[in-house]
Asks: 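Got a structure for you, questions after.
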Number of protein chains: 2
Amino acid sequence: MTASMLDKAAIILDCFIPSGGPYRLSELSERTGLPKPTVHRLAADLIRLGWLERTGPQYRLGAKLFELGSLVPRRRDLRETALPFLQDLFEATRETVHLGVREGMDVVYLERIHGHEALRLPSRIGGSLPLSCTAVGKALLAFSGAELTDELLSRPLPRLTPHSITDPARLRMTLEKIQVSGLAYEEQEAALGVSCIAAPVFAGGTTVAALSVAVPRERFSPAQLAPAVRTAALGLSRAVRGSS
Amino acid sequence: MTASMLDKAAIILDCFIPSGGPYRLSELSERTGLPKPTVHRLAADLIRLGWLERTGPQYRLGAKLFELGSLVPRRRDLRETALPFLQDLFEATRETVHLGVREGMDVVYLERIHGHEALRLPSRIGGSLPLSCTAVGKALLAFSGAELTDELLSRPLPRLTPHSITDPARLRMTLEKIQVSGLAYEEQEAALGVSCIAAPVFAGGTTVAALSVAVPRERFSPAQLAPAVRTAALGLSRAVRGSS
DNA sequence: TCATGTTGTTCCGTTCCACGGAACAAACAT
DNA sequence: ATGTTTGTTCCGTGGAACGGAACAACATGA
């Protein structure tokens, strides 16, 4: 089980998850556990391929990866059909809007649109967060079958803020409420000062995604946001059915 | 100069540019020029790494690439600061909006937002088109120095539609007009039935991007779009200066 | 200016695994 | 039933990846 050259290249690239930030050769060597000459040689290859870039001593992910990543069908197609509905939702609420799908026990964000005000959030396009800590995640979890919930609860629940739900019983109750109302709420469970409301997107009986609105805690008013989120999720559900 | 395993992996992945569409093993073998057993073995490795996915006989790009691609700093940072301005521009025009940068003699699109109406366009996020055939491209070209224009004109100009500019003299004239007005126009030069207007984004004396509005030919009215595009481009220029 | 640690780079003998032709199996077409 | 294409396995061989060691290019401090 000695790692091949390809594996090592993957290990190097994986270093850049989740920060993406620039690393120097020594840091890469340390973080990957690979000998320095090996990283040096492989990094040169990766640069030649456009998968890495280098300015002085700084290594970064290369533009070619952006190009390839944008073509991944499972991501691109859903994002494309969802975009108009996300626009609608954004215009209706003028708040930060998310589209996410489930990947294992995490939610992966496919899109995130917002206006000028920044709103510090841990969510990034292509990034992932624990299902139990986000509105999108809970919306996905509540409609993905009991087995998934059981498996999730078989391990301790992660915590991103002091408000994250870590009590299994409480999460179960929350999910039941979501199943009844069709809406998931989240209050400062992923980031302090930010609340969130989400709704699931269905296609052919399965839950394929969820979309949400994130709002600064002080001006969070579920009653106003709920209809907009519901409308967008339903519209997207119809559109997804039509395109797949 | 025999290709390493990494090179071959890159060759395989590059097959999926620009269509991204699913390929079968034989097609991959043919398109890459690699022997079938080699593709078979490498594809298995790539699947293990999440860079490819396979359903039955269909190979596709894998989700991991989306994750990595979303982290590429040069792309992500600009897209992030540009998004609010693209939103403004979209709301002002309610038409398809683009953000693009130059890469060699092509324009690469970083973002593309639109409403419900489809509008068949050759532009895709992460995809590239010839500089001379798009409004975004011409806006970039007009403000990237004379040497670049000379080099572009040293080879025959590509043509995407019968309206694409292929006459060097005509392109030069067009670029001069763009330099004066600060706005680039394009009428069915990239796709039939679609017109476009673009403006460059400056940061520290160099042109870092351009943004555009694409409109069905029949309702294209430059006078109405021009101020919105200009405003967005100027706003983004200011924001980019501030963040870099 | 020299001493000292750190980081980046080159060298090269050894090892080991990637390679792909050939043979086989499976799926389709006729 | 028969040919044809596609997917998969096998395996002996060659060559390329490997990484310790030595070197070079900096940076830091006295």
Side-chain angles (χ1 to χ4, degrees), chain A residues 1-65 68 71-74, chain B residues 1-65 68 71-74:
Chain A
M1 98 123 263
T2 61
S4 76
M5 178 165 47
L6 209 58
D7 293 302
K8 289 172 192 167
I11 292 174
I12 291 175
L13 294 181
D14 282 350
C15 272
F16 293 87
I17 299 174
S19 85
Y23 292 119
R24 329 194 357 152
L25 182 63
S26 310
E27 304 179 59
L28 286 177
S29 171
E30 189 182 7
R31 295 169 62 96
T32 57
L34 298 172
K36 231 190 311 179
T38 301
V39 176
H40 185 260
R41 176 166 32 82
L42 283 178
D45 291 341
L46 292 172
I47 288 170
R48 186 169 38 81
L49 297 175
W51 297 2
L52 277 186
E53 286 169 12
R54 179 182 174 177
T55 53
Q58 316 268 23
Y59 289 90
R60 301 166 214 272
L61 293 180
K64 187 79 166 218
L65 285 176
L68 286 171
L71 287 170
V72 177
R74 263 223 319 257
Chain B
M1 96 123 266
T2 62
S4 78
M5 179 166 45
L6 210 57
D7 292 302
K8 290 173 192 167
I11 293 174
I12 291 176
L13 295 180
D14 282 349
C15 272
F16 294 87
I17 299 173
S19 84
Y23 292 118
R24 328 193 358 150
L25 183 62
S26 310
E27 305 179 58
L28 286 177
S29 171
E30 189 182 7
R31 295 169 61 96
T32 57
L34 298 171
K36 232 190 310 181
T38 301
V39 176
H40 185 259
R41 176 166 32 83
L42 283 178
D45 291 341
L46 292 172
I47 288 171
R48 186 169 38 80
L49 296 175
W51 295 3
L52 276 186
E53 287 170 12
R54 177 182 175 176
T55 54
Q58 315 268 25
Y59 289 92
R60 300 164 214 271
L61 293 179
K64 187 77 163 224
L65 285 176
L68 285 170
L71 287 169
V72 176
R74 263 224 319 256

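Below, chain A is the first sequence line, B the second, and so on; all start at residue 1.
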Asks: Can you sort out the partners of B:Arg41 under side-chain hydrogen bond (donor to acceptor under 3.5 Å, both in side chains), two or more places apart, ordered by chain and number?
Replies: none

Asks: Using a 4.0 Å cut-off on heavy atoms, which residues in residues 22-35 of chain A reach DNA chain D? List them by number, or say none.
Replies: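 A:Pro35 - these, ordered by number, are the residues of the stretch whose heavy atoms sit under 4.0 Å from the strand.
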
Asks: Short question: side chain of A:Arg54, backbone of A:Gly56 - any donor-acceptor pair under 3.5 Å?
Replies: yes

Asks: Through what angle, rounded to 10 degrees, does the axis of the helix from C:dT1-D:dA30 to C:dT30-D:dA1 turn between its ends, using five pairs per end?
Replies: 50°

Asks: Kindly write out the residues that satisfy side-chain hydrogen bond (donor to acceptor under 3.5 Å, both in side chains) with A:Ser26, not counting sequence neighbours, or none if the list is empty.
Replies: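 side-chain hydrogen bond (donor to acceptor under 3.5 Å, both in side chains) list for A:Ser26, sorted by chain: empty.
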
Asks: Does the side chain of A:Leu46 reach to within under 4.5 Å of the side chain of B:Leu6, using non-hydrogen atoms?
Replies: yes

Asks: Hey, what do you get for CG (A:Leu13) to CG (A:Leu61), rounding to the nearest 0.5 Å?
Replies: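 A:Leu13 CG to A:Leu61 CG: 6.5 Å, rounded to 0.5 Å.
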
Asks: What residues, two or more places apart in sequence or in another chain, satisfy side-chain hydrogen bond (donor to acceptor under 3.5 Å, both in side chains) together with B:Arg24?
Replies: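 Testing B:Arg24 for side-chain hydrogen bond (donor to acceptor under 3.5 Å, both in side chains), a comparison that skips the adjacent residues, returns none.
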
Asks: Of the residues in residues 7-15 of chain B, which ones touch DNA chain D at a heavy-atom distance under 4.0 Å?
Replies: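 Under 4.0 Å from DNA chain D: no residue of residues 7-15 of chain B.
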
Asks: Between protein and nucleic acid, restricted to nucleotides 28-30 of chain C and to nitrogen or oxygen atoms under 3.5 Å apart, what atom pairs and distances do you find?
Replies:
none

Asks: Which pairs, with at least one residue in residues 3-22 of chain A and sequence neighbours excluded, count as a salt bridge (charged side-chain N to carboxylate O under 4.0 Å, His left out)?
Replies: A:Asp7-B:Arg48, A:Asp14-B:Lys64

Asks: Can you tell me which residue pairs pass the ring pair (Phe, Tyr, Trp, His ring centres under 6.0 Å) test with a partner in residues 20-52 of chain A, sequence neighbours excluded?
Replies: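 The answer is A:Phe16-A:Tyr23, A:Trp51-B:Trp51.
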
Asks: What is the first contacted nucleotide of DNA chain D and what is the last, in 5' to 3' order, if contact means an atom lying under 4.0 angstrom from a heavy atom of chain A?
Replies: D:dA17 to D:dA21

Asks: So does A:Thr2 get a side-chain nitrogen or oxygen closer than 4.0 Å to the phosphate oxygens (OP1/OP2) of C:dC16?
Replies: no

Asks: Using the side chain to side chain contact (heavy atoms under 4.5 Å, CB included) criterion, which residues pair with A:Gln58? Sequence neighbours excluded.
Replies: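 With sequence neighbours excluded, A:Gln58 shows a side chain to side chain contact (heavy atoms under 4.5 Å, CB included) to A:Pro22, A:Thr55, A:Arg60, given in chain and number order.
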
Asks: Could you walk me through whether B:Leu28 and B:Leu34 satisfy the side chain to side chain contact (heavy atoms under 4.5 Å, CB included) test, starting with their C-alpha distance in whole Å, then the side-chain angles of each, then the deciding distance to 0.1 Å, before giving a yes or no?
Replies: CA-CA 8 Å; B:Leu28 286 177; B:Leu34 298 171; over 6 Å; no

Asks: If you take any heavy atom closer than 4.0 Å to DNA chain C, which residues from residues 36-52 of chain A end up in contact?
Replies: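 Heavy-atom contacts with DNA chain C come from A:Lys36, A:Pro37, A:His40.
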
